[in-house]
Every structure is written in structure tokens, then in C-alpha cells.
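Source: prediction; values computed, not measured. Positions are given from 1 along the sequence.
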Amino acid sequence: MAGRVTIAITVLGASGSYPSPGGACSGYLVEGAGTRLWLDAGSGTFANLQRHLPDLGALDGIILSHAHPDHWADVLGYQVVVRYIKKRKGVPTFGPPDLRVVLEVIHGPVGPHLDWTSVSDGMTATVGGLGLTFSRTHHQGETYAVRIDAGGASVGYSADTGTGWSLSALGPGLDLALCEATLEPDDAGSIPHLTAAEAGTTAKEAGVRRLVLTHFQPGVDVERAQRLGSEAFGAPVEVAAEGACFEVGS
Ligand SMILES: [Zn+2]
Ligand SMILES: [Zn+2]
């Protein structure tokens, strides 16, 4: 079935650390095998999610990579919706254990509206038709990259990471990787994040077929990041922008 779309990723926000003017932080709508996941819920992503998924009841699950607020702040608004407005229980939600603590301090118990699973390194799970495999990255606090498989296609998401982790940890055969490219070249190694060249290098080493750079700190020269990432990857890379959709098929 060549050309069949099996996983589609829509960018809800691509700013790293804090939002660009009028922009949104990290977040993606992942659709495959009839299943829809909200992958990271940075500020602004809940508004953008509804552009692509007007019926919030069609959302099948949430993945939150780590406890930095540029990856989860908007889940607070979603909790309000499922508790009080469009009531719903048992929404599968995955995240590190410390983020559950943070959410419960701010907002009370996550259950029964969210069905929380605390992620650990190497853990696998299934939501609808999507297979998930988590890998702990090199970052401040427990942070989890995720591989998503459906219908013979695979995508990987680096979450936030430094060079002490590799996309190879998500296993072989990634059709597409969304990889953070937070830092300008001069800032390489200053904090546990990647430059565009480092993202290109880890993707090349992992044998990734397509690389999409994301998590750009506001002010980063995205065109230069794309050029440097492409040089390191050895092929043209793409860049995430709000509303962009990346599709892979089997
Ligand atoms: Zn971040
Ligand atoms: Zn972070």
C-alpha cells in the first residue's frame, strides 16, 4: 500500500523554552491508526489543538515529556474542560512521576479524568492503534523521548535532550524524527540541549529517514539552523512551524 499515510504529525507549537511573539511552545497532534494523541502541551498548544481537532472528545490520549512548563502548561486548561465542561474520565495520560506531583499541587488529583501512567525508561504502551516506546533523555529532570509506531511506520520525538542521549535509543527504522534544536552553535554544550548540527548528527547516526528540527528558542536563526542541520544530517532537513503537517506512510 505504497503512499498510504499511516502517521501524521501536526505542529501545534515549536517554540523552545518560552513562546515566540504570538507563538506557542512545544506541542504536536499525532494521528495514526484512527488514534489521536496530544504530544506535549506547551502554552498555546491547546488553542491550536482545537483548530485541528474541534471535537475534543476525539482526543485519545496525552503524552507529556517532562516537567518543564514549555511542555505541559496547557494541560491545566484541558483538565478544566474534562472536569467541568465537556466531562470525561479516563483519558490516557503519560508523563514522568514528578510532573504528576506538580500537577496535583497546582490543580488537585489528576484522576479520574486523566488516567495517569508514570513513564519509565524503556516502557512500552499502547493507545488505540499507536504503539509507544519511551526513552529517558539527557536533560534536567526526568525527560522522556518517545517512539510511536503504527501500521509499519515509525516516528520519534526527542523531547528535550543534550548530547548524552541519542535518537538511536529509540531503535532502528525511524521514518521521521522530530528533534530539538534549541541552541545557537556558540552555545553548544552550555546546557542539556542540542544545536541544529548536533540534531543532524544524532539523526544521521540513528539512520533516521527524515529529520524535522523543532524547539527553537525565540530569536534563533531558523534558516541557519536548517542549513547547519542539513550539513550534519547529510540531506535536507525540515523545520517545524505552527500548522505544518508531516506525514509518513508504510
Ligand atoms: Zn523545552
Ligand atoms: Zn526542558
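- Here the CD atom belonging to Q217 is positioned 6.5 Å from the NE2 atom belonging to H193, to the nearest 0.5 angstrom.
- For E184 (side chain) and D186 (main-chain N/O), no donor-acceptor pair under 3.5 Å exists by modelled atom type.
- Counting only heavy atoms from C-beta outward, the side chains of H68 and Q140 approach each other to under 4.5 Å.
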- [ ] Step by step, work out the side chain to side chain contact (heavy atoms under 4.5 Å, CB included) result for M123 and T117.
- [x] CA-CA 10 Å; M123 195 187 93; T117 297; 3.8 Å; yes
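- The closest donor-acceptor contact from the side chain of E180 to the backbone of L194 lies under 3.5 Å.
- For the side chain to side chain contact (heavy atoms under 4.5 Å, CB included) criterion with C179, the lone passing option out of V208, L167, T161 is L167.
- Note: the hydrophobic cluster containing L103 does not contain L39 (ILVMFWY, side chain heavy atoms under 4.5 Å, direct or indirect links).
- Here the closest heavy-atom approach between residue C25 and residue P19 is recorded as SG-N, 3.4 Å.
- Side-chain atoms of L170 and T133, non-hydrogen and from C-beta on, never get closer than 4.5 Å to each other.
- Distance check, rounded to the nearest 0.5 Å: CG of L228 to OG1 of T195 gives 8.0 Å.
- Heavy atoms only, all atoms of each residue included: S158 and A145 are closest at O-CB, 3.7 Å.
- Interatomic distance, CG of L64 versus OG of S26, reported as 11.5 Å (0.5 Å rounding).
- H215 and H71 have parallel rings, their planes meeting at less than 30° on a 0 to 90° scale where 60° marks the start of perpendicular.
- In this structure a side-chain-to-backbone donor-acceptor pair under 3.5 Å is present from R210 to E247.
- Taking both residues in full, the closest heavy atoms of P97 and S118 are given as CA-OG, 3.6 Å, listed atom of the first, atom of the second, then distance.
- Taking each heavy atom of A199 and L211 in turn, the nearest pair found is O-CD2, 3.9 Å.
- In this structure, Y157 and I63 have side chains that are not in contact, with every pair of non-hydrogen atoms separated by 4.5 Å or more.
- Under the 3.5 Å distance criterion, the side-chain polar atoms of S15 are matched with a main-chain donor or acceptor of S20.
- To the nearest 0.5 Å, the span separating CZ on F216 from CG on D221 amounts to 10.0 Å.
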- [ ] Please step through side-chain hydrogen bond (donor to acceptor under 3.5 Å, both in side chains) for the pair D60 and T35, ending with a clear verdict.
- [x] CA-CA 6 Å; D60 296 297; T35 305; 4.7 Å; no
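- Counting heavy atoms from C-beta outward, H66 and L99 have side chains that stay 4.5 Å or more apart.
- In the model, S65 has a side-chain atom that pairs as donor or acceptor with a side-chain atom of D40 under 3.5 Å.
- A continuous path of Ile, Leu, Val, Met, Phe, Trp and Tyr side chains, each step under 4.5 Å between heavy atoms, connects V220 with L213, placing both in one hydrophobic cluster.
- The two atoms that bring P236 and S230 nearest to each other are CA-OG, 3.6 Å, heavy atoms only.
- Each of L174 and V248 belongs to its own hydrophobic cluster when Ile, Leu, Val, Met, Phe, Trp and Tyr are linked at side-chain heavy-atom distances under 4.5 angstrom.
- The hydrophobic cluster containing V81 also contains V110, counting ILVMFWY residues as joined when their side-chain heavy atoms lie under 4.5 angstrom apart, directly or transitively.
- For the ring-ring contact (aromatic ring centres under 6.0 Å, His included) test with W38, the passing option among W72, F46, Y28, F94 is F46; the others fail.
- Side chain of D175 to main chain of V155: no donor-acceptor pair is present (N/O by atom type, distance under 3.5 Å, no hydrogens or angles).
- Distance check: T93 OG1 to D115 CG gives 7.0 Å after rounding to the nearest 0.5 Å.
- Hydrophobic clustering (side-chain heavy atoms under 4.5 Å, transitive across Ile, Leu, Val, Met, Phe, Trp, Tyr) groups I62 together with I106.
- Between E142 and Y144 there is a side-chain heavy-atom pair separated by less than 4.5 Å.
- With D74 contributing its side chain and G44 its backbone, the two residues share a donor-acceptor pair below 3.5 Å.
- Closest non-hydrogen pair, A150 versus L130, comes out as CB-CD2, 3.5 Å.
- Of the inter-residue distances, the one linking L53 atom CG with R36 atom CZ reads 6.0 Å to the nearest 0.5 angstrom.
- At a threshold of 4.5 Å between non-hydrogen side-chain atoms, the residues W165 and T202 do not count as touching.
- Contact check for V119 versus P96: no side-chain heavy atoms found under the 4.5 Å cut-off.
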Task: Test log, rule side chain to side chain contact (heavy atoms under 4.5 Å, CB included), inputs H107 and V80 - done: CA-CA 9 Å; H107 228 193; V80 170; 3.9 Å; yes
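- In this structure a side-chain-to-backbone donor-acceptor pair under 3.5 Å is present from D121 to R136.
- Contact check for L29 versus L49: side-chain heavy atoms found under the 4.5 Å cut-off.
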TODO: Verify side-chain hydrogen bond (donor to acceptor under 3.5 Å, both in side chains) between R147 and S135, making sure each step is shown before the conclusion.
DONE: CA-CA 8 Å; R147 176 187 177 118; S135 174; over 6 Å; no
